[in-house]
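Contents: one structure, followed by commentary.
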Number of protein chains: 2
Amino acid sequence: MEQTYQQPLVMVDTALFTILDERLCLLLARRREPPFEGVLALPGGFVHIEEDTDTTMAARRVIRGKLGIDAPYLEQLFTFSGPARDPRGWSISVAYYALIPAALLSQSQAAEAVPVEELPTLPFDHPQIVDKAIERLRGKATYSSLPAFLLPSEFTMNDLHRIYQQTIGTRLDQASFRHKILEQDIIEPMPNRFRGGAHRPAQLYRLTSRVLIPFERKI
Amino acid sequence: MEQTYQQPLVMVDTALFTILDERLCLLLARRREPPFEGVLALPGGFVHIEEDTDTTMAARRVIRGKLGIDAPYLEQLFTFSGPARDPRGWSISVAYYALIPAALLSQSQAAEAVPVEELPTLPFDHPQIVDKAIERLRGKATYSSLPAFLLPSEFTMNDLHRIYQQTIGTRLDQASFRHKILEQDIIEPMPNRFRGGAHRPAQLYRLTSRVLIPFERKI
DNA sequence: ATTGTTATTTGCAATAAACAAATAACAGGA
DNA sequence: TCCTGTTATTTGTTTATTGCAAATAACAAT
């Protein structure tokens, strides 16, 4: 703390996932400065020298700047570095990924979301970051409560079923999914809270914990 | 590339796992310079400005410097940063973990290994790094070929069974383990290669791939 | 041939998953 | 009120998978 160093090129980049229209999407930002000014890219920024705990602070600041809210789920993903990744010189970027329920987005923010299969050409090493983020998301989705963070705080079993299918990308048997999820105690029914319609009302659930819970696994 | 920056405090630290005497151990190094000169710590070092692909290069250099060999498995773990983690000022450290078969260690190197339950007090944020590394190792062990990288290139099914139990820390049924592993196609028998003794000889196997293979999972 | 030892396979009960279908609960209209 | 359409939830039934215990295999040494 007693010494100060010239600000190195230390930055964060964020892959912000949401599900819109049944599809996994990323929220991109148009760059306001060179390099790649005007190009769509992952939201990011420099780590401020005064950010005093960890780069997580910088990632949260970037997400607040982009969306005005905190992400319900934010996790460090991977760190990329080298002289070639940024034309300004040797740099190091700590990448994060976050899950954002669509319900938290404004209409204009939602309009900017791009399905992961239809991403434009991204600058820097952002394509690598995206690949790693999707891989991690899919991987963890199969053995944790992760996809639930793409839902609002109250949801039905079928909401959860759909969101798991959309993040993993495969069909999951309904009855087995129900059984498995309830067995893991990651959600709990909210007493006397149902969602209606012209049909049998659906029980509303909420997460038992605000943090990620891995499922029990045996080899 | 056209600009150069003052060398920032960018470093790597490595958690080097091995299994000795049926126990999961870490290889530590005594620090040769301040801060914490003379103290046992995770092997680490600064990232050189000329290291031109990624911090993985620096991690490999550190491991070569410590052990004289490359680790069969090396993976980026997590990045720690902040002004408080190093008395010299704001720093960023990319942590790695690696798996080293005990057979690759010299006698003196093996003598320096410390079981993870008996670690001394480590400097900097090395205790956090160790915690995260063990967590990741245990997590991946339950659904991938990861523990096999703690074995030499030829091993028996029972070697593999033991190493999985030691990394995960629980007992695994022998028959089920065999079945499960063979089902995953991560190893293949080496034709006509057996390990003998005063008993039925054991089939020798090798990994089908030099990279980590995750098991098939269903939710 | 017998014994001791570790490797590998087998059999069976207990669990869990996949699949298909039934039942439940409601709104809205006949 | 009763019937219909719709989504939610539960129930079988069949089909893998796992857990556990025991049997069998293959060798060295005696």
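What you see below is based on every heavy atom in this structure, not just the backbone, and it leaves out hydrogens, waters and symmetry mates. Chain letters run A, B, ... following the sequence lines, proteins first and then strands; every chain starts at 1. Treat the numbers as computed from the prediction; the structure is a model and nothing was measured.
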- [ ] Assign each of A198(A) and K218(A) to its nearest nucleotide of DNA chain C by heavy atoms, then name whichever residue's nucleotide is nearer the 5' end.
- [x] K218(A)
Open item on the list: Between P on dC19(C) and CZ on F177(A), what's the gap in Å once rounded to a whole number?
Closed with: 16 Å
TODO: Name the closest nucleotide to the A202(A) side chain, picking from dA26(D), dA17(C), dA8(D).
DONE: dA8(D)
TODO: Determine yes or no for a side-chain-to-main-chain donor-acceptor pair under 3.5 angstrom, with Q184(A) supplying the side chain and E216(A) the backbone.
DONE: yes
- [ ] Give one of base, sugar-phosphate or nothing for Q203(A), where a contact means two heavy atoms less than 4.0 Å apart.
- [x] sugar-phosphate
- [ ] Taking only Lys NZ, Arg NE, NH1 and NH2, and the carboxylate oxygens of Asp or Glu, determine whether K66(A) and E112(A) approach each other closer than 4.0 Å.
- [x] yes
Task: Of the listed nucleotides dT17(D), dT9(D), dT6(C), the one nearest the side chain of R178(A) - done: dT9(D)
Open item on the list: From C-beta outward on K180(A), which listed nucleotide comes closest to its side chain: dA17(C), dT7(D), dT6(C)?
Closed with: dA17(C)
Open item on the list: Among dT11(D), dC27(D), dT18(D), which nucleotide has an atom closest to any side-chain atom of A175(A)?
Closed with: dT11(D)
TODO: Give a yes-or-no answer on whether the side chains of Y96(B) and E75(B) include a donor-acceptor pair shorter than 3.5 Å.
DONE: no
- [ ] Select base, sugar-phosphate, or nothing to describe what N158(A) touches, counting heavy atoms under 4.0 Å on all strands.
- [x] sugar-phosphate
- [ ] Anything under 30° is parallel, anything over 60° is perpendicular, the rest tilted; go ahead and classify Y164(A) against F215(A).
- [x] parallel
- [ ] Grab the CD1-C1' distance between I219(B) and dA16(C) for me, whole Å please.
- [x] 15 Å
Open item on the list: Using whole Å, what does the distance between atom P of nucleotide dA26(D) and atom CZ of F194(B) come to?
Closed with: 10 Å
Task: L204(A) CG to dA8(D) C1', straight-line distance once rounded to whole Å - done: 12 Å
Task: Nearest-neighbour nucleotide for the R171(B) side chain, dC20(D), dT8(C), dC19(C) considered - done: dC20(D)
Task: Nearest to side-chain heavy atoms of Q174(B), which nucleotide of dT9(D), dA17(C), dT8(C) - done: dT8(C)
Open item on the list: Given the ring of F155(B), does R206(B) sit roughly above its face, with NZ or CZ under 6.0 Å from the centre of the six-membered ring and within 45° of the axis?
Closed with: no
Open item on the list: If I take atom CG in residue D173(A) and atom P in nucleotide dA18(C), what distance separates them, rounded to the nearest angstrom?
Closed with: 6 Å
Open item on the list: Using whole Å, what does the distance between atom P of nucleotide dA16(C) and atom CD of Q184(A) come to?
Closed with: 11 Å
Task: For atom CZ of R195(A) and atom P of dT7(D), their distance in whole Å - done: 13 Å
TODO: Could you check whether G197(A) gets within reach of a base, just the sugar-phosphate, or nothing at all, counting any heavy atom under 4.0 Å?
DONE: sugar-phosphate
Task: d(CE, M157(B); C1', dA26(D)) in whole Å - done: 17 Å
